[in-house]
Amino acid sequence: MRYSRSLIPTVKEVPAEAEITSHRLMIRAGFIRKLASGTYTYLMLGQRSLQKIVQIIREEMNAAGAQDILMPILQPIELWEQTGRRKDYGPTLSCHVDRHGRTSALAPTAEEVVTSLVAAEISSYKQLPINLYQINTKFRDEFRPRFGALRSREFIMKDAYSFDATLEGLDESYRTMYDAYCRIFRRCGLDYVVVDAVSGEIGGSGSQEFMVPCSAGEDTILSSDKGNYAANVEKCEIGKRPADLAGEPTGELEKVHTPEMKTIEEVGKFMKVKPKNMLKTLVFQAGDKWVIAVVRGDHDLNEDKLNGLVDGDITMEIDAEAAAAGFAIGFVGPHVVVGRDDVTLYVDPDAVAGQFWAGGANDTDYHVKHFNWKRDVLDPLGEAVRQRVIVADIRNAADGDPSPLDDDGVLRASKGIEVGHIFKLGTKYSQALGATFLGEDGQEHPCIMGCYGIGVNRIMASAIEALHDDNGCVLPISIAPFDVEVISLNNDKEAVRNHADKIYNELTAAGIEVLLDDRDARPGVKFKDADLIGIPLRVVVGERGLKEGNVEIQRRTENKAAAVPADDAVERIKEIVNELKEALSPR
RNA sequence: CGGAGCGUAGCUCAGCUUGGCUAGAGCGCUGCGUUCGGGACGCAGAGGUCGGAGGUUCAAAUCCUCUCGCUCCGACCA
């Protein structure tokens, strides 16, 4: 490809909206341009990189026995209603109404479509297992699109779906995908970690995420320093922590006037109490009952964990109803459980101890000091305490917490970008949509499903996020838009031009993908652009070198060029390209 | 959705508070010349419905209202 005929709009300045490195570099290097919030055009360089990633995914998925299909982006909304997911997805599901008034969902994922396909076409255990996948555009009306390709409203996803006759079969399908994912990310040159995750709207019994560690990541990962446990903060469990409701009081319960002070920070500052000595008391509605969650002031509640403990769904953001039910919202304390039989308290172990506590007074504009679990909750409730006060892990894990494996491991927090997510789904969709088969026993059974996603654009963004330097992208050869950039440094000189052309033609004929910078630009401009774009190997053909009979070869990861006799250049380049590719080979 | 901010040349932004000349700068772009191994320099030039609509006024980029778009922040609040 000739640079002079290509649209590669590199820029020095970048719109203020690009906050993270990968976004900035993708704009600066001319990989993407924004059309509207959360939607991007991928220009030639970006598109070539995406296609490299797509190709790697295809090869590994096919090698793992999955079959490539293509499903519609327009999905009848009725399918989403049958599985109940229209409600679960809520406004994130983009919909389209056609001239006949039919509503279609713009695919954010395709469990419904693929399951209805299987429902129609699979009837016997002899046809299982099967794994169908596609690489296609997906839509999610994100609450807040941001960070360029990391969270866009429209993106490319590889989504695969396995159908098995048995749970053991599902385990094997899942394991096969796990292994394929490891190969895919390794071939893309990414460091990744696999963490336990929650399955969210997708549903199912278990899931793991493939994360690329980097500070710009939106997800928080907790890993045991023993190296044997890692989980997303949404999922991460916490090891055993001591909790004893019977500690003695630190003093008389003291009521403090705290007008209009509702946040932990405000109250703590006013009363001169640290957040770790305060109780955060949150009110949730569960049908006609109330659930009160108590965590330490410096901790965060994990609603998934709380939900898992409570019968039925809990609802938050119910200030008006809670106030009507007699709760002093903003000033609630755990002892509200005393004297109300419609309240169950869930308390995190770290919010229980014989130490000094401050918290809400259950009276608007008042807080209390010297709150004590034994005196103010345990003793008044008596025997009822067992049903009414439940001590359990209900908060997000934090850096320094004990590992749930109870092996003296300590959890450490870090950030990551989710590039892949694999789920054991079970029969949620196959039951809802009638994807059943006749087993060996002659009985009808629902297919047991798994699903497996990879964010194609996110691979590119996270690769740049993880692999760059001050001058630009440093892309691995497997996903770089080109293998080699040949710079015809003094393109106005015929000898230089001819030699660069010769190298370009010979490399191209050898199947190497080459970008030839044949622009009539000053050398500095060409060097800067080459660094920015980040093609792994740079070849400089210049008047100066050519006089000595040399051209220069430099890897993007090196900061000095090597002079090579011009006649040997093509062979030498081929060797290096092979070497670079070999280093990222799947084996 | 709530809060905040922004919208002026292709890009980055100034001008707006306190209304008043022909609306500016840097980068980029075009032409000519000098340069030519790490984003050169000089001269000449092109390029603007000041997001849109309405209003106030002798006069609006500037003040007011509405609207559209973009960006940032926002679980709970003991």
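Since the structure is predicted, the reported quantities are computational estimates derived from the model, not experimental observations. To find a chain, count down the sequence lines: A is the first, B the second, and so on, and within it residues start at 1.
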Side-chain donor-acceptor pair present, A/Asn232, A/Glu209, cut-off under 3.5 Å: yes

Between A/Thr92 and A/Asp141, do the side chains contain an N or O donor and an N or O acceptor separated by less than 3.5 Å? no

How far does [atom1] of [X] sit from [atom2] of [Y], to the nearest 0.5 angstrom?
| X | Y | atom1 | atom2 | value |
| --- | --- | --- | --- | --- |
| A/Lys255 | A/Asp365 | NZ | CG | 10.5 Å |
| A/Gln554 | A/Ile487 | CD | CD1 | 9.0 Å |
| A/Arg572 | A/Leu537 | CZ | CG | 9.0 Å |

In whole Å, what is the span from the [atom1] atom of [X] to the [atom2] atom of [N]?
| X | N | atom1 | atom2 | answer |
| --- | --- | --- | --- | --- |
| A/His299 | B/A75 | NE2 | P | 18 Å |
| A/Glu19 | B/C70 | CD | C1' | 13 Å |
| A/Asp304 | B/C76 | CG | P | 16 Å |
| A/Leu43 | B/G10 | CG | C1' | 15 Å |
| A/Ile329 | B/C77 | CD1 | P | 6 Å |
| A/Ile394 | B/C76 | CD1 | P | 17 Å |
| A/His23 | B/C70 | NE2 | P | 13 Å |
| A/Asn396 | B/A75 | CG | C1' | 10 Å |

Between [Y] and [X], does any NZ, NE, NH1 or NH2 come within less than 4.0 Å of an OD or OE carboxylate oxygen?
| X | Y | value |
| --- | --- | --- |
| A/Asp518 | A/Arg2 | yes |
| A/Arg151 | A/Glu142 | yes |
| A/Arg497 | A/Asp492 | no |
| A/Arg519 | A/Asp529 | yes |
| A/Arg241 | A/Asp350 | yes |

Report which part of the nucleic acid A/Phe143 touches: base, sugar-phosphate, or nothing (heavy-atom distance under 4.0 Å, all strands). base

When we call it a touch if two heavy atoms are under 4.0 Å apart, what does A/Val294 touch: a base, just sugar-phosphate, or nothing? nothing

Both distances under 3.5 Å, Watson-Crick or G-U wobble: report the partner of [N], or none.
| N | result |
| --- | --- |
| B/A59 | none |
| B/C66 | B/G52 |
| B/C43 | B/G31 |
| B/C72 | B/G3 |

Closest to the 5' end of RNA chain B, once A/Ala328 and A/Gly38 are matched to their nearest nucleotides, is A/Gly38

Identify, between A/His367 and A/Phe147, the residue whose nearest nucleotide on RNA chain B lies closer to the 5' end. A/Phe147

Look at A/Thr281 and B/C76 and indicate whether a side-chain polar atom (N or O) is within less than 4.0 Å of OP1 or OP2. no

Say we look at [N] and [M]: how far apart would their [atom1] atoms be, to the nearest angstrom?
| N | M | atom1 | value |
| --- | --- | --- | --- |
| B/G52 | B/A14 | C1' | 23 Å |
| B/G10 | B/G48 | C1' | 12 Å |
| B/G54 | B/C68 | C1' | 14 Å |
| B/C32 | B/G38 | P | 26 Å |
| B/C13 | B/C41 | P | 22 Å |

Using side chain to side chain contact (heavy atoms under 4.5 Å, CB included) as the criterion, point out the one residue from A/Ile576, A/Val474, A/Ile477 that pairs with A/Arg555.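 Going through A/Ile576, A/Val474, A/Ile477 one by one, the side chain to side chain contact (heavy atoms under 4.5 Å, CB included) with A/Arg555 is satisfied by A/Ile576 alone.
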
Letter by letter from the 5' end, nucleotides 34-40 of chain B scores (B base, S sugar-phosphate only, - none; protein heavy atoms under 4.0 Å) -BSBBBB

For nucleotides 43-53 of chain B, give me one character per nucleotide, 5' to 3': B if any protein heavy atom sits under 4.0 Å from the base, S if the only such contacts are to the sugar-phosphate, - if neither. -----------

With no angle test and no hydrogens, is the base of B/G28 tied to the side chain of A/Glu13 by a donor-acceptor pair under 3.5 Å?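 No such pair is found, so the answer is no.
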
